[in-house]
> 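If you scroll down you'll find the structure; I have some questions about it.
Since the structure is predicted, the reported quantities are computational estimates derived from the model, not experimental observations. Both ligands and their constituent atoms are indexed starting at 1 by order of listing.
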Amino acid sequence: MTNVTESGSEATGGGFASLGLDERLVRALSELGYEEPTPIQREAIPPLLERHDLLGQAATGTGKTAAFALPILQRLANRDGNRPSQPFALTLVPTRELAIQVAEAMHRYGRPFGATVLPIYGGQSFGQQIRGIQRGVDVIVATPGRILDHLRRETLSLDTVETVVLDEADEMLDMGFIEDIEAILSSTPETRQTVLFSATLPPRIHSIVKRHLKDPRHIQLAAPVAPKGEAPRVRQTAYVVQRAFKMAALDRVLDLESPGATLVFCRTRNEVDELTEALSSRGYRTEALHGGMSQEQRERVLKKLQSGASDLVVATDVAARGLDIERLTHVVNYDLPSAPDSYVHRIGRVGRAGREGVAITLLQPREHRLLRIFEQATKQKIEIGKVPTLADLRAQRLEITRAALRETLLAGDLESVRVAVESLAEEFDLSDIAAAAVKLAFEATERAVENDEPHELPGFEPRERQAFRPRPEFAGDGPREQNGPRRGGRGGDRSPGQGMVRLYVNAGREAGVRPQDLVGAITGEAGIAGNQIGAIQLADRFSLVDVSEDLAERVISALNGRKIRGKIIRLRRDREA
Ligand code: AMP
């Protein structure tokens with residue numbers, strides 16, 4: 001094992017190497033563009049490498065996956081040449097999506113050792129999973145229910161497991177997995193290392209910790225850092241948007257805000273490069289700033305921003321450390337920072353010396369918890385904004401055109417063009433002529449926007465607008481029953497279509513739920529296309545959603561326990577359908 005990096009002037013890698021990680025892992029992280037460990041990683045990795053049990057309070061977005069994955073993968077490094085065919089680590093996660101995501105991350109980090117990481121979740125065929133297990137696995141990432149099925153069928157043994165991670169433990173408990181988790185833990189060796197990550201620590205989590213973790217180290221995100229009375233004067237707005245639409249959302253928000261110099265933060269060097277390219281291709285004068293650049297290169301970038309030769313600088317936290325750019329009006333968190341203090345540092349780049357600044361944050365639906373933590377850290381509310389629609393932007397441009405025309409009218413001096421008006425007036429109505437002139441002026445303000453982007457960008461919004469078809473007769477004046485929809489006596493076909501099943505959701509209009517919330521949550525959380533969702537019917541206290549039969553379980557497991565409009569939702573098959 002090595003503690004030094006050979007990365008020379010690069011401000012990268014050293015951080016990870018100093019945590020005691022294998023050189024090859026450090027290199028893999030550097031290739032992914034990670035510049036330094038996040039606070040959770042810095043605190044969790046050393047005790048995990050020493051095989052302590054650990055209780056980590058961390059939400060999605062803090063870098064917790066790498067925090068538990070890297071020490072597990074390090075064991076592979078130490079074991080080169082002598083590879084087990086039985087799993088030595090098991091990670092339990094609440095949903096199928098997370099199982100896939102965590103397995104992918106572990107696979108990426110563990111590439112130098114050819115780590116075999118197998119995701120196991122409900123809805124996939126047992127045969128396929130059994131073949132995967134039999135081929136030999138290092139790490140299993142699984143939802144509890146399906147692992148338990150394998151244990152009962154004796155198609156999987158956990159006797160060789162040395163480390164168990166319970167990821168998003170509070171979510172797993174909310175989804176009723178407690179008994180499954182207990183049963184799974186009791187199938188693993190007593191000598192195992194147990195790691196529990198949870199965004200919140202309700203008493204039920206403490207009770208699991210007490211029963212299953214041995215003398216655990218306890219880590220949590222640092223306490224708020226904004227010193228009293230010195231909180232920067234920053235207007236903070238967050239936009240919830242699905243990952244695929246973040247770029248388009250940023251484009252629209254920038255268009256609406258018309259910022260001066262702007263600093264856009266990403267997490268990794270690779271993302272900085274990608275976003276710089278994407279913004280440049282959309283016509284923004286954009287420069288990249290990251291730890292892989294020389295001091296001279298960085299200074300050149302900053303000078304360009306300072307002088308107005310560029311509008312946007314896309315940077316990592318490391319590269320932007322200590323920057324003070326006077327012209328800066330906006331800070332954008334394109335990716336959420338991994339801890340409250342880095343949020344405070346980022347937005348503190350504007351709102352200095354009495355100037356008012358604007359902080360814009362883009363986040364994915366599942367990252368909402370971190371936002372609450374940032375609010376506590378800044379002791380200020382972060383408004384949730386609505387990403388402008390194309391119509392909003394158009395209305396704004398028309399307003400700008402109107403104002404510009406008004407200025408021109410007030411300034412007079414129109415004689416040189418009046419002859420054109422007079423000649424047109426012989427043929428056309430004067431107000432039509434004026435409208436045509438406005439149209440030309442308006443069109444001249446048009447930017448090259450991506451025409452294939454949807455009018456409204458999905459946050460909790462539908463990915464495909466044709467996907468939701470609320471029944472007007474049902475959505476209008478909902479039934480009052482609490483336990484099921486009123487049936488019969490109303491027009492329309494009430495049964496789900498061929499190959500579809502109907503799901504009952506325990507929240508409806510009274511909870512502020514709209515059809516697009518349901519479609520957005522289903523497409524976002526269960527990762528299925530909008531066109532696989534059928535009719536949606538909203539009642540006051542519940543909703544009914546039709547989905548393809550073969551996707552029903554996936555939707556139920558992905559959404560159960562999630563929040564829609566602040567309410568924890570429960571789903572089940574609507575049995576009377
Ligand atoms: P997580 O909280 O595990 O869901 O991670 C959130 C995001 O942060 C993921 O996209 C990771 O790829 C990224 N990430 C994790 N650790 C780092 C790091 N040290 N530097 C930059 N990005 C990171």
> Between H52 (side chain only) and L48 (backbone N and O only), is there a donor and an acceptor less than 3.5 Å apart?
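Here the side-chain-to-backbone pair does not exist.
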
> Closer than 3.5 angstrom, by distance alone: can the side chain of N560 be matched with the main-chain N or O of L571 as a donor-acceptor pair?
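Pair found, side chain donor or acceptor close to backbone of L571.
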
> For T60 and ligand 1, does the shortest N/O to N/O distance drop below 3.5 Å?
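No, T60 has no N/O under 3.5 Å of an N/O on ligand 1.
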
> Flag atom 3 (O) of ligand 1 as yes if some protein heavy-atom distance to it falls below 4.0 Å, otherwise no.
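It does: a protein heavy atom is found less than 4.0 Å away from atom 3 (O) of ligand 1.
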
> Tell me which one of E271, R267, Q364, E168 gets a heavy atom nearest to atom 6 (C) of ligand 1.
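Selected option, by shortest heavy-atom distance: R267.
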
> Closer than 4.0 Å to some heavy atom of T65 - which atoms of ligand 1 meet that?
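In order of numbering, the contacting atoms are 1 (P), 3 (O), 4 (O).
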
> For the pair Q41 (side chain) and G63 (backbone), establish whether a donor and an acceptor sit closer than 3.5 Å, ignoring hydrogens and angles.
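Pair found, side chain donor or acceptor close to backbone of G63.
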
> Heavy atoms only, cut-off 4.0 Å: how does F197 contact ligand 1, side chain, backbone, both, or neither?
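None of F197 does.
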
> If the cut-off is 4.0 Å to any non-hydrogen atom of G63, which atoms of ligand 1 fall inside it?
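Within the 4.0 Å cut-off of G63, ligand 1 contributes 1 (P), 2 (O), 3 (O), 5 (O), 15 (C).
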
> Which of the atoms in ligand 1, numbered in the order shown and given with their element, are less than 4.0 Å from a heavy-atom of G61?
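Counting atoms of ligand 1 from 1, those under 4.0 Å from G61 are 1 (P), 2 (O), 4 (O), 6 (C).
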
> Please determine, by modelled atom types, if E299 and Q295 share a side-chain donor-acceptor pair under 3.5 angstrom.
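Result is yes, a qualifying pair exists.
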
> Nearest heavy atom to atom 17 (C) of ligand 1: which of F16, Y109, Y34 does it belong to?
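Nearest heavy atom to atom 17 (C) of ligand 1 lies in Y34.
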
> What atoms of ligand 1 come closer than 4.0 angstrom to any heavy atom of E36?
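Here the atoms of ligand 1 in question are 18 (C), 19 (N), 20 (N).
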
> Which residue, E97, E171, E168, forms the salt bridge (Lys or Arg N to Asp or Glu O under 4.0 Å) with R366?
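Answer after filtering E97, E171, E168: E168.
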
> Which ligand 1 atoms are under 4.0 Å away from a heavy-atom of T268?
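Near T268, the atoms of ligand 1 are 21 (C), 22 (N).
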
> Side chains of R282 and S280: do they bring a donor and an acceptor to under 3.5 Å?
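Side-chain D/A pair, R282 to S280: absent.
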
> State the atoms of ligand 1, each with its element, that fall below the 4.0 Å cut-off from a heavy-atom position in T62.
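Those of ligand 1 that fall under 4.0 Å from T62 are 2 (O).
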
> Please check: side-chain N/O of S310 versus main-chain N/O of T286, any donor-acceptor pairing under 3.5 Å?
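Side chain of S310 to backbone of T286, a donor-acceptor pair under 3.5 Å: no, none is there.
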
> Can a donor-acceptor pair be found, under 3.5 Å and without considering hydrogens, that links the side chain of R146 to the backbone of Q124?
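Yes.
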
> With side chain to side chain contact (heavy atoms under 4.5 Å, CB included) as the test, would you mind laying out the steps for F197 and I40 before giving the verdict?
CA-CA 11 Å; F197 273 98; I40 284 295; 4.1 Å; yes

> Can you list the ligand 1 atoms lying under 4.0 Å from a non-hydrogen atom of T38?
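Selected atoms, number and element: 16 (N), 17 (C), 18 (C), 19 (N).
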
> Any N or O on A66 sitting closer than 3.5 Å to an N or O of ligand 1?
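Looking only at distances, the answer is no, because the N/O contact criterion of under 3.5 Å is not met.
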
> Testing the 3.5 Å rule here: is there a donor-acceptor pair between the side chains of Q236 and Q380?
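Short answer, yes.
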
> Which atoms of ligand 1 have any heavy atom of K64 under 4.0 Å away?
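Checking each atom against K64, I get 1 (P), 2 (O), 3 (O).
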
> Identify the closest protein heavy atom to atom 16 (N) of ligand 1: which residue and atom is it, and at what distance?
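Of every protein heavy atom, Q41 NE2, 2.7 Å lies nearest to atom 16 (N) of ligand 1.
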
